[in-house]
Amino acid sequence: MRLGRKREHIEPVLQHLVSLSILEKIGEGEQAIYRYIQPEITSELDTSWQKV
């Protein structure tokens, strides 16, 4: 772990962020890599929906 924290302290936080789809976990165990998932951005001018 390169975050400067003990694994037992950071692991629950990482798992929570994965469950919220903020991070993606690639791999397992000590070799796992966590990657940020960039949210989709929609414009207020999105006209893909139809007005009734």
Side-chain angles (χ1 to χ4, degrees):
M1 252 244 181
R2 295 183 186 179
L3 298 174
R5 308 277 187 213
K6 292 185 178 183
R7 181 173 192 84
E8 56 270 9
H9 295 160
I10 198 79
E11 188 70 29
V13 175
L14 291 172
Q15 291 304 322
H16 185 65
L17 293 172
V18 169
S19 73
L20 295 174
S21 297
I22 295 173
L23 293 179
E24 174 186 11
K25 183 178 179 183
I26 302 169
E28 294 294 328
E30 296 286 326
Q31 300 300 317
I33 297 171
Y34 293 87
R35 184 175 77 104
Y36 174 69
I37 300 173
Q38 187 169 351
E40 291 183 24
I41 300 173
T42 58
S43 170
E44 288 183 41
L45 301 174
D46 186 6
T47 58
S48 62
W49 53 276
Q50 296 178 343
K51 293 182 182 179
V52 180

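Note that this is a predicted model, so its numbers are computed, not measured.
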Joint cluster assignment, I22 & I37, ILVMFWY side-chain distance < 4.5 Å: no
Qualifying salt bridge (charged side-chain N to carboxylate O under 4.0 Å, His left out) pairs, either residue in residues 12-22, two or more places apart: none
Non-neighbouring partners of V13 that pass side-chain contact (heavy atoms from CB on, under 4.5 Å), sequence neighbours left out: L17
Heavy-atom neighbours of E8 CD exceed 12 at 6.0 Å: yes
Within one Ile-Leu-Val-Met-Phe-Trp-Tyr cluster: L23 and I10, side-chain cutoff 4.5 Å: yes
Set of residues satisfying salt bridge (Lys or Arg N to Asp or Glu O under 4.0 Å) with respect to E28, sequence neighbours excluded: K25
Salt bridge (charged side-chain N to carboxylate O under 4.0 Å, His left out): pairs with one or both residues in residues 14-24, sequence neighbours excluded: E24-R35
Cluster check Y36, I33: I/L/V/M/F/W/Y, side chain < 4.5 angstrom: no
